[in-house]
Q: 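Shown below is the structure under consideration.
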Amino acid sequence: MTLSAASIGAAAPETIDEIRFNSQSALQSQFRNVNAIAYNSFLSARADIVKANAYGEQDLVPSGAGDPQKYNIVYISVIPEEYGNSTIQTSGSSFSTDWGSTGTILVPTQYNNSWKDELLLYLRPRKMISTYEIMELPNLVYFSFEIGVRKKRIYEFVDIQRDVLNKLIYYFRSENQLFNSEIDFNDITEYLLDTSNVSPDDEFEYIKGIRNLNIRDINCSKVIYNYDVNPDDSDLFPKWVQAPWTARDNMLRTIQLGLNQFPYLSEDTVRIVEET
């Protein structure tokens, strides 16, 4: 048999971390979704899902002071291979930065009912009898960057600029990110400068022409909410509160995303400038 055209869309080979994650899941699950690792691995095995996250009342309220009626509920958020009417419907929203760039971002609005039912049916054979599963929309958090680059004399800035952008895009690809992840700008800077960190189809060869790189400013499309482990005395239970880092905060510190929050890059609002 011959193919009329080259195949496309195949996944990259599993990394060591992915092999370790999937092996652990297979050993622990015993063909039952008994924890988040088992749920996430089983859902991510589908071709139409890139990443998944499952969490429950103990994740929302680690102190155990939550509503006992919600203890057996499993909340599930997924990132589909493609957004659209057949998976997760979206709307467009404008996103602007402090330095005047604007772009459009996706805002998930509704699961396709048929697809949601299909996912719940897919989970049913591994379902624990005592649990009740609810599909939660993913909360997409878009980041944008203003980056200053000082180049080595023999290199052209336009080549470095292109590779920095492409490497940042690769870093924020859905396959390389997780729900509830930490966004650390020091780690991102180190990643951009590390010439050994490459993608399967791009070596980002002009990164080696960077003399100095600094993230000068950041913008975020959403307010980040952190868990309040020390609530006021007037509160019956701990709660999610607005973190000190907001959409217009210029503090380059580690940001802990929420359980259903997933990081994305707004490519249109990335600004890379040459410094002398």
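The first residue in the sequence is number 1, and the count goes up from there.
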Q: Spell out, as yes or no, whether a donor-acceptor pair under 3.5 Å connects the side chain of Asp163 to the backbone of Glu205.
A: yes
Q: Between Thr189 and Ile215, is any pair of side-chain heavy atoms under 4.5 Å apart?
A: yes
Q: Nearest 0.5 Å, please: how far is CZ in Arg271 from CD in Gln161?
A: 10.5 Å
Q: Answer yes or no: is there a donor N or O on one side and an acceptor on the other, between the side chain of Glu146 and the main chain of Arg216, under 3.5 Å?
A: no
Q: Are Thr102 and Phe95 close enough, and set up right, to give a side chain to side chain contact (heavy atoms under 4.5 Å, CB included), and what steps lead you there?
A: CA-CA 6 Å; Thr102 58; Phe95 179 31; over 6 Å; no
Q: Test the Lys51-Phe179 pair against the cation-pi criterion, namely NZ or CZ under 6.0 angstrom from the six-membered ring centroid and within 45° of the ring axis.
A: no
Q: When you compare the side chain of Asn139 with that of Phe262, does any pair of heavy atoms fall below 4.5 Å?
A: no
Q: So how far is it from Leu213 CG to Glu275 CD, rounded to the nearest 0.5 Å?
A: 8.5 Å
Q: Begin with the C-alpha distance, continue with both residues' side-chain angles, and end with the deciding distance and a verdict on side-chain hydrogen bond (donor to acceptor under 3.5 Å, both in side chains) for Tyr111 and Thr87.
A: CA-CA 6 Å; Tyr111 277 104; Thr87 55; over 6 Å; no
Q: For the pair Asn214 (side chain) and Ile147 (backbone), establish whether a donor and an acceptor sit closer than 3.5 Å, ignoring hydrogens and angles.
A: no
Q: Name the one of Ile88, Val78, Thr109 that satisfies side-chain contact (heavy atoms from CB on, under 4.5 Å) with Leu137?
A: Ile88
Q: Under the criterion side-chain contact (heavy atoms from CB on, under 4.5 Å), which of Val164, Leu192, Thr195 is the partner of Ile210?
A: Val164
Q: Should we say atom CD of Glu203 is surrounded by more than 12 heavy atoms from elsewhere, each under 6.0 Å from it?
A: no
Q: Search all heavy atoms of Val273 against all heavy atoms of Phe157 and return the closest pair with its distance.
A: C-CZ, 3.5 Å
Q: Looking at CH2 of Trp99 and CG of Asp217, how far apart are the two atoms once the value is rounded to the nearest 0.5 Å?
A: 5.0 Å
Q: Do Arg126's NZ or CZ and the ring of Phe42 fall within the cation-pi criteria of under 6.0 Å and 45°?
A: yes
Q: How close do Leu123 and Ile76 get, counting heavy atoms only, and between which atoms?
A: CD1-CD1, 3.5 Å
Q: I'd like to know whether Ser266 forms a side-chain hydrogen bond (donor to acceptor under 3.5 Å, both in side chains) with Asp268, so could you lay out the CA-CA distance, the side-chain angles of the two residues, the decisive distance to 0.1 Å, and finally the verdict.
A: CA-CA 6 Å; Ser266 182; Asp268 295 336; 5.7 Å; no
Q: So which atom in Leu257 and which in Asn180 form the shortest heavy-atom distance, rounded to 0.1 Å?
A: O-ND2, 2.6 Å
Q: Using only atom types and a distance under 3.5 Å, with no angle test, would you say the side chain of Glu118 pairs donor to acceptor with the backbone of Trp115?
A: no
Q: Any chance you could lay out the side chain to side chain contact (heavy atoms under 4.5 Å, CB included) test for Phe145 and Thr97, step after step, and finish with the verdict?
A: CA-CA 9 Å; Phe145 297 82; Thr97 67; over 6 Å; no
Q: So, applying side-chain contact (heavy atoms from CB on, under 4.5 Å) with Gln177, which one of Leu265, Val50, Ile79, Ile183 is it?
A: Ile183
Q: For the residue pair Phe143 and Phe172, does the interplanar ring angle fall in the parallel (under 30°), tilted (30 to 60°) or perpendicular (over 60°) class?
A: tilted
Q: Closer than 3.5 angstrom, by distance alone: can the side chain of Lys167 be matched with the main-chain N or O of Asn197 as a donor-acceptor pair?
A: yes
Q: Glu182 vs Asp184, test: side chain to side chain contact (heavy atoms under 4.5 Å, CB included). Steps then yes/no.
A: CA-CA 6 Å; Glu182 290 184 349; Asp184 188 308; 5.6 Å; no
Q: Could you check whether any side-chain N or O of Ser41 sits under 3.5 Å from a backbone N or O of Ala38, counting only pairs where one atom can act as donor and the other as acceptor?
A: no
Q: Report yes if some heavy atom in the side chain of Ile272 is under 4.5 Å from a heavy atom in the side chain of Leu165; otherwise report no.
A: yes
Q: Quick check: closest heavy atoms across Tyr142 and Leu106, and the distance to 0.1 Å?
A: OH-N, 3.4 Å
Q: Side chains of Tyr39 and Glu133: any donor to acceptor distance under 3.5 Å?
A: yes
Q: Would you please test Ile134 and Val74 for side chain to side chain contact (heavy atoms under 4.5 Å, CB included) and show each step?
A: CA-CA 6 Å; Ile134 295 177; Val74 177; over 6 Å; no
Q: Could you check if a side-chain atom of Lys151 sits within less than 4.5 angstrom of a side-chain atom of Glu274, using non-hydrogen atoms only?
A: yes
Q: Compare every heavy atom of Met135 with every heavy atom of Leu119, then report the nearest pair and how far apart it is.
A: CD1-CE, 3.7 Å
Q: Between Thr90 (side chain) and Pro108 (backbone), is there a donor-acceptor pair under 3.5 Å?
A: no
Q: Could you tell me which non-hydrogen atom of Gly209 sits nearest to which non-hydrogen atom of Ile160, and how far apart they are?
A: O-CD1, 3.4 Å
Q: Looking at Asn40, is its backbone amide N or carbonyl O close enough to the side chain of Ser44 to form a donor-acceptor pair, meaning the two atoms are under 3.5 Å apart?
A: yes
Q: Give a yes or no on whether the backbone of Glu156 and the side-chain of Tyr206 come within a donor-acceptor separation of less than 3.5 Å.
A: no
Q: Do the side chain of Asn112 and the main chain of Asn85 share a donor and acceptor less than 3.5 angstrom apart?
A: yes
